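Below is one structure, written out as structure tokens, with a few remarks after it.
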Amino acid sequence: MNILDYITTMSSLFDIEVLSKTDNTVELKLYIIHPHQYWFYESKSFALQLIWDLTKVIKQISCPLSKEISAEKILDIKWVINNQDKFIKSVMISETLNYPIDLDYSILSEEEYDKHWEDKKSLAQAIYLITVTNPKWIKHIQNGMEYETAAYDMEKLT
């Protein structure tokens with residue numbers, strides 16, 4: 001299995017909708033879709049993974065971001081931490097809903113558990129504003145795109 005196939009098979013933690021894009025800012029709506037994911041992250045490493053993940057989803061291996069960052073690099077925590085400022089100017093959560101998560105999934109019946117994950121309105125949600133250092137880093141992103149990601153906060157692991 002090559003590295004890109006490995007990334008594609010990782011369990012998704014977030015569902016993402018692209019709400020809008022300007023020259024150097026993208027607005028994303030994230031939903032937590034995994035029962036072991038309790039947090040939204042405001043780190044540049046997380047934001048970089050979010051915008052990079054779309055390159056594999058839409059198979060844009062020739063877009064500027066995927067030319068600059070290989071699958072091996074995006075998985076290399078040290079590389080991402082050392083290079084994130086080259087791509088991400090700022091990341092901010094502007095709004096949340098159903099967050100922080102205070103639901104104990106272990107006490108739910110099977111029916112309640114299934115219903116919770118099927119109803120997007122009940123999921124923890126956050127609106128992100130990610131500003132990049134150069135508009136070319138988000139050239140591949142279009143309004144209305146939807147995808148899932150296993151992105152996480154690499155800075156918490158260093």
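It should be emphasised that the depicted structure is a prediction, and the values quoted were computed from it without experimental measurement. Atoms considered below: every heavy atom in the structure, side chains included; atoms not considered: hydrogens, waters and symmetry mates. Start at 1 with the first residue, then count along the sequence.
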Atom NZ of Lys115 with >12 non-hydrogen neighbours under 6.0 angstrom: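 For Lys115, atom NZ is not crowded (no more than 12 foreign heavy atoms under 6.0 Å).
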
Lys139 atom NZ: more than 12 heavy-atom contacts under 6.0 Å: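 Counting other residues, nucleotides and ligands, NZ of Lys139 stays at 12 neighbours or fewer.
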
Is a donor on one side and an acceptor on the other found under 3.5 Å between the side chain of [X] and the backbone of [Y]?
X	Y	result
Glu95	Leu97	no
Ser66	Cys63	yes
Gln37	Ile33	no

[Y] and [X], any side-chain heavy atoms less than 4.5 Å apart:
X	Y	result
Phe46	Leu30	yes
Glu155	Lys44	yes
Pro35	Tyr113	yes
Gln142	Val18	no
Leu123	Trp117	yes
Ile51	Val26	yes

How far does [atom1] of [X] sit from [atom2] of [Y], to the nearest 0.5 angstrom?
X	Y	atom1	atom2	result
Met154	Ile81	CE	CD1	7.5 Å
Ser90	Glu42	OG	CD	10.0 Å
Tyr41	Leu13	OH	CG	7.0 Å

Does [X] share a hydrophobic cluster with [Y], counting links as ILVMFWY side-chain heavy atoms below 4.5 Å and allowing steps through other members?
X	Y	value
Leu129	Val132	no
Met92	Ile127	no
Tyr38	Ile32	yes

Derivation and outcome, side chain to side chain contact (heavy atoms under 4.5 Å, CB included), residues Asn24 and Asn134: CA-CA 6 Å; Asn24 66 339; Asn134 187 319; over 6 Å; no

In terms of relative ring orientation, are [X] and [Y] parallel, tilted or perpendicular, with 30° and 60° separating the classes?
X	Y	result
Trp79	Phe87	tilted
His116	Tyr105	tilted
His34	His36	tilted

Evaluation steps, salt bridge (Lys or Arg N to Asp or Glu O under 4.0 Å), between Lys73 and Glu68: CA-CA 9 Å; Lys73 285 181 179 177; Glu68 191 73 22; 5.9 Å; no

Candidate pair Leu54 and Tyr147, rule side chain to side chain contact (heavy atoms under 4.5 Å, CB included), full reasoning: CA-CA 7 Å; Leu54 261 175; Tyr147 62 108; 3.3 Å; yes

Tyr31 and Phe14 aromatic centres sub-6.0 Å: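 No, the ring centres sit 6.0 Å or more apart.
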
Asp153 and Ser43: side chain donor to acceptor below 3.5 Å: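 On atom types as modelled, these side chains qualify, holding a pair under 3.5 Å.
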
Residue pair Glu17, Lys120: steps toward the salt bridge (Lys or Arg N to Asp or Glu O under 4.0 Å) verdict: CA-CA 12 Å; Glu17 298 173 6; Lys120 254 187 163 173; 3.2 Å; yes

Please find the pair of heavy atoms, one from [X] and one from [Y], that lie closest to each other, and give the distance.
X	Y	result
Leu65	Trp52	CD2-CA, 3.6 Å
Ile16	Leu50	CD1-CD2, 3.5 Å
Lys21	Ile141	NZ-O, 2.8 Å
Phe40	Tyr99	N-OH, 3.1 Å
Asp23	Ile138	O-CD1, 3.8 Å
Ser12	Glu148	OG-OE1, 3.0 Å

Audit row: Tyr128, Glu27, side chain to side chain contact (heavy atoms under 4.5 Å, CB included) steps and yes/no: CA-CA 6 Å; Tyr128 277 77; Glu27 182 182 36; over 6 Å; no

Verdict with reasoning, Leu19 to Leu28, per side chain to side chain contact (heavy atoms under 4.5 Å, CB included): CA-CA 5 Å; Leu19 299 179; Leu28 304 174; over 6 Å; no

Partner of Leu48 by side-chain contact (heavy atoms from CB on, under 4.5 Å), out of Ile69, Ile130, Val91, Asn83: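 With Leu48 as partner, side-chain contact (heavy atoms from CB on, under 4.5 Å) holds for just one option, Ile69.
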
